[in-house]
Amino acid sequence: MPNQTVIEMIRQRDVLNVGVSLGFKGLSFRNSIKNCWEGFDIDLARAVAVAVFGDVGKIHYMPLQSGDRFRALRDGVIDGFVQFQYYFPA
């Protein structure tokens with residue numbers, strides 16, 4: 001349906017596809033002991049899933065290189081990505 005919003009398409013699919021880094025401790029990394037993703041970026045992605053679905057479990061993490069995330073977003077492979085960045089104005 002061409003007039004659907006992004007949120008409506010995500011709700012219809014019933015899962016939020018989020019691009020995450022391949023592993024950066026503290027931001028987004030796969031905890032092999034607990035078998036789950038953890039970090040600041042992951043917490044932000046979970047907050048989006050809760051806002052969209054009311055359910056933190058309706059999220060699928062897709063590990064991607066930084067340079068591949070915009071392409072995956074453009075091509076509809078992921079719905080979004082969280083990437084913590086610093087900016088220092090001159």
J.: Are the side chain of Arg30 and the backbone of Ser32 linked by a donor-acceptor contact shorter than 3.5 Å?
T.: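 Not at all, since once roles are kept as given, no pair shorter than 3.5 Å links the two residues.
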
J.: In terms of hydrophobic clustering (I, L, V, M, F, W, Y; side-chain heavy atoms under 4.5 Å; direct or indirect links), are Leu64 and Ile59 co-clustered?
T.: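 Not linked; separate clusters.
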
J.: Fit a plane to each ring of Phe70 and Phe81, take the angle between them on a 0 to 90° scale, and name the class: parallel (under 30°), tilted (30 to 60°) or perpendicular (over 60°).
T.: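 Taking Phe81 first and then Phe70, their aromatic rings stand perpendicular (interplane angle over 60°).
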
J.: Under 3.5 Å, sequence neighbours excluded: what are the donor-acceptor pairs made by side chains of residues 22-29?
T.:
from	atom 1	to	atom 2	distance (Å)
Ser28	OG	Ser21	N	3.3
Ser28	OG	Ser21	OG	2.5

J.: Under a 4.5 Å cut-off applied to non-hydrogen side-chain atoms, are Val20 and Ile42 in contact?
T.: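 Answer yes - side chains close enough.
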
J.: Rounded to the nearest 0.5 Å, how far does CD1 of Ile78 lie from CZ of Arg71?
T.: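 Answer for the CZ-CD1 pair, Arg71 versus Ile78, is 11.0 Å.
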
J.: Using side-chain heavy atoms (C-beta onward) and a distance below 4.5 Å, is Ile10 in contact with Val6?
T.: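 Side chain of Ile10 against side chain of Val6, heavy atoms only: contact under 4.5 Å found.
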
J.: If you count every heavy atom of other residues, nucleotides or ligands that lies below 6.0 Å from Gln65 atom CD, does the total exceed 12?
T.: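 No, not enclosed.
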
J.: Taking Gly57's backbone N and O only, do any of them form a donor-acceptor pair with Asp55's side chain (distance below 3.5 Å, no angle check)?
T.: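 Checked: pair present.
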
J.: Once rounded to the nearest 0.5 Å, what's the spacing between atom CE of Met9 and atom CG of Asp79?
T.: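 Separation between the atoms: 8.0 Å.
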
J.: In the single-linkage hydrophobic clustering (I, L, V, M, F, W, Y; side-chain heavy atoms under 4.5 Å), do Val18 and Phe53 co-cluster?
T.: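 Yes: a chain of side-chain contacts under 4.5 Å links Val18 to Phe53.
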
J.: Rounded to the nearest 0.5 Å, what separates atom CG in Asp43 from atom CZ in Arg46?
T.: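 Between atom CG of Asp43 and atom CZ of Arg46 there are 6.0 Å.
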
J.: Residues two or more places apart in sequence or in another chain: which of them pass salt bridge (charged side-chain N to carboxylate O under 4.0 Å, His left out) with Arg11?
T.: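 In terms of salt bridge (charged side-chain N to carboxylate O under 4.0 Å, His left out), with neighbours along the sequence ignored, Arg11 is linked to no residue.
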
J.: Any idea which heavy atoms bring Glu8 and Gln4 closest together, and the distance?
T.: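 What the structure gives for the nearest pair is OE1-CA, 3.2 Å.
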
J.: Name the one of Val52, Asp14, Leu16 that satisfies side chain to side chain contact (heavy atoms under 4.5 Å, CB included) with Lys58?
T.: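 Between Lys58 and the candidates, side chain to side chain contact (heavy atoms under 4.5 Å, CB included) is satisfied uniquely by Asp14.
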
J.: Kindly compute the distance separating CG (Asn17) from OH (Tyr61), expressed to the nearest 0.5 Å.
T.: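 Rounded to the nearest 0.5 Å, the CG-OH separation comes out at 11.5 Å.
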
